Amino acid sequence: MNDASGAGNFGTKLDTSAGVSPADELRSSSPAVEQQSRGKRPGTGSHRDAFLDNAKYLLIVLVAVAHSWEAVEGSRATTALYMFVYAFHMPAFIVICGYLSRSYTGRPHQLRRLVTGIAVPYVVFEVAYSLFKRYADDAPDHAITLLDPFFLTWFLAALLIWRLTSPLWRHLRHPLPVALGIAALASLAPGIGDDLNLQRVLQFLPFFVLGLRLKPEHFAIVRRREARLLALPVLAGALLFAYWVAPRMKTGWLFRTNSAQQLDAPWWSGPVMTLLLFGCSLLLTAAFLSWVPRRHLWFTVLGAGTICGYLLHGFAIKGPEYAGVFDTYTWLSEPAGKVAVSLAAAIAVTLMCTPPVRRALRPVTEPDMTWAFRDIRGEQRPEGPPTRSPGTAHESDRMARSAR
């Protein structure tokens, strides 16, 4: 898969972004990938990174729109678009989350952020979505459990696990091959089960580990003019391929929730598809990022609220589905109806990312739980000169120069 309204505390936020709440992951303090003068909103002291905020907003819109397509009857073209978006939207989100986790070391204040920013929202929204399913969908027997994430809450459970293991990945000599090996093994292990959606956690793991290894210079590469030009045939080719493969490939491969055997495929296809999909997702992620605007636009501020958009849009998607809207109004499965559904999903998630919604949801996404923790004001800091947080002005300047 955020930032709080106090984006001016850039240094603090970048340090605690290692303890990132999903609010910090999907919406807030992002290591700068371009000059501060470009990443700042004119007339403010904000050091937020416009590039990553723009990317997060555009990705959350794609997430919501793709979820809305699941409720309508899919034609071949709709299925192709669905597969195209699913091939990179969550991988791109996860890469960004990994990138924002580079300074996580498990210090007390970072662990506290994990509890308040990830564990608490997970519990609250897992219960909320389960109750919504039970009463809105007339499913009184629907279980309320924290071990089997419902709908979109899997991402919070996954983010918690990935973040806790971040120090390990940074100490390995070859972390990405190891993560790919784990994902490949998971793809041929149907016995993993549904607890915490571990199959998905393990199969998406390489993208998080990749994000941990990235530096601002890597983002500078995809921002070059040549990269943007190359991205056009890549995206067009991916769309054509998706249209061709739509009737031939199960979309379950893109969800990464099942092993190869569970998808009625031979066991050896699991590792093969893991590597192929990783390469495909990585290529499309780079192509997408190459066209993300670098300057401050009208929707840049919404990148700070993507955690709210992510956690809330499920109600807007599932509500009409539970109410039988798509069964009653069959025209919604026609081309014009699908466009209307897509626009409605995009508008809804945009509104959910706005500052008023962020402020209203802050008691859940960033609860004040000082009562639950020991005072850590005396926490020992590493000796020696302070190290620069990822995304400092120095790093940003270097990156901007390399992108020219």
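As the structure is a computational prediction, the values presented were derived from the model and not from experiment.
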Tell me whether the rings of [X] and [Y] are parallel (<30°), tilted (30 to 60°) or perpendicular (>60°).
X    : Y    : answer
Y86  : Y82  : tilted
F132 : Y322 : tilted
Y57  : W298 : perpendicular
Y129 : F151 : perpendicular

Under 3.5 Å, is there a donor-acceptor pair between the side chain of [X] and the main chain of [Y]?
X    : Y    : value
R224 : S290 : no
S187 : G270 : yes
Q261 : L188 : yes
Q110 : S103 : yes
H89  : V85  : yes
R256 : Q199 : no
S333 : E73  : yes
R248 : W244 : yes

| request: Determine, step by step, whether W253 and N258 satisfy the side chain to side chain contact (heavy atoms under 4.5 Å, CB included) criterion, reporting the C-alpha distance in whole Å, the side-chain angles of both residues, the deciding distance to 0.1 Å, and the verdict. | output: CA-CA 8 Å; W253 286 108; N258 296 298; over 6 Å; no
Distance only, no hydrogens: is a donor on one side chain within 3.5 Å (strictly under) of an acceptor on the other, for [X] and [Y]?
X    : Y    : value
T153 : E126 : yes
T300 : N54  : yes
R200 : T257 : no
Q203 : T274 : no

I need the minimum non-hydrogen distance between [X] and [Y], along with the two atoms involved.
X    : Y    : value
V349 : A64  : CB-CB, 3.8 Å
P175 : R213 : CG-CD, 3.7 Å
P121 : T116 : CD-O, 3.4 Å
L302 : C353 : O-CB, 3.6 Å

[Y] and [X], any side-chain heavy atoms less than 4.5 Å apart:
X    : Y    : value
H313 : V63  : yes
L263 : S259 : no
L205 : W169 : yes
V357 : T354 : yes
L59  : I96  : yes
S68  : F326 : no
Y243 : L240 : no
L361 : L312 : yes

| Y104 and L114: CA distance, side-chain angles, deciding distance, side chain to side chain contact (heavy atoms under 4.5 Å, CB included) verdict | CA-CA 10 Å; Y104 179 82; L114 285 184; 3.2 Å; yes
| Is the number of heavy atoms from other residues, nucleotides or ligands within 6.0 Å of CG (D194) greater than 12? |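 Atom CG in D194 is not crowded, with 12 or fewer foreign heavy atoms closer than 6.0 Å.
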| message | Take a 6.0 Å sphere around OH of Y329 and say whether it holds more than 12 heavy atoms from other residues, nucleotides or ligands. | response | no
| said: Could you go through S342 and W69, starting from their C-alpha distance and side-chain angles, then the distance that decides it, and tell me whether this counts as side-chain hydrogen bond (donor to acceptor under 3.5 Å, both in side chains)? | reply: CA-CA 7 Å; S342 301; W69 291 341; 2.7 Å; yes
| Think R294 forms a cation-pi with F51, using NZ or CZ under 6.0 Å from the six-ring centre and within 45 degrees of its axis? | no
| request: Measure from NZ or CZ of R223 to the centre of the six-membered ring of F219, then state whether that distance is under 6.0 Å and the direction lies within 45° of the axis. | output: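 Relative to the ring axis of F219, which defines the angle, R223 lies outside at least one limit.
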Measuring from atom [atom1] of [X] to atom [atom2] of [Y], what distance do you get when rounded to the nearest 0.5 angstrom?
X    : Y    : atom1 : atom2 : value
T365 : I118 : OG1   : CD1   : 12.0 Å
S281 : L210 : OG    : CG    : 11.0 Å
T79  : M249 : OG1   : CE    : 12.0 Å
H218 : L289 : NE2   : CG    : 13.5 Å
N197 : L202 : CG    : CG    : 10.0 Å
M273 : L254 : CE    : CG    : 7.5 Å

| said: Consider ring-ring contact (aromatic ring centres under 6.0 Å, His included). Of W162, F278, Y99, which one does F207 pass it with? | reply: F278
| query | Picking from Y122, Y310, F208, what satisfies ring-ring contact (aromatic ring centres under 6.0 Å, His included) with F155? | reply |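 For F155, the ring-ring contact (aromatic ring centres under 6.0 Å, His included) test succeeds with only one of Y122, Y310, F208, which is Y310.
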| query | Step by step, would you call V127 with L131 a side chain to side chain contact (heavy atoms under 4.5 Å, CB included)? | reply | CA-CA 6 Å; V127 173; L131 290 174; 3.9 Å; yes
| Between D264 and K250, is the closest basic N to carboxylate O distance under 4.0 Å? | yes
| Any chance the rings of F150 and F125 have centres within less than 6.0 Å? | no
| task | Please identify each residue that fulfils ring pair (Phe, Tyr, Trp, His ring centres under 6.0 Å) with F204, with sequence neighbours left out. | result |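 Only W154 meet the ring pair (Phe, Tyr, Trp, His ring centres under 6.0 Å) criterion with F204.
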| query | Yes or no on side chain to side chain contact (heavy atoms under 4.5 Å, CB included) for L152 and I317, after CA distance, side-chain angles and deciding distance? | reply | CA-CA 11 Å; L152 49 71; I317 299 296; over 6 Å; no
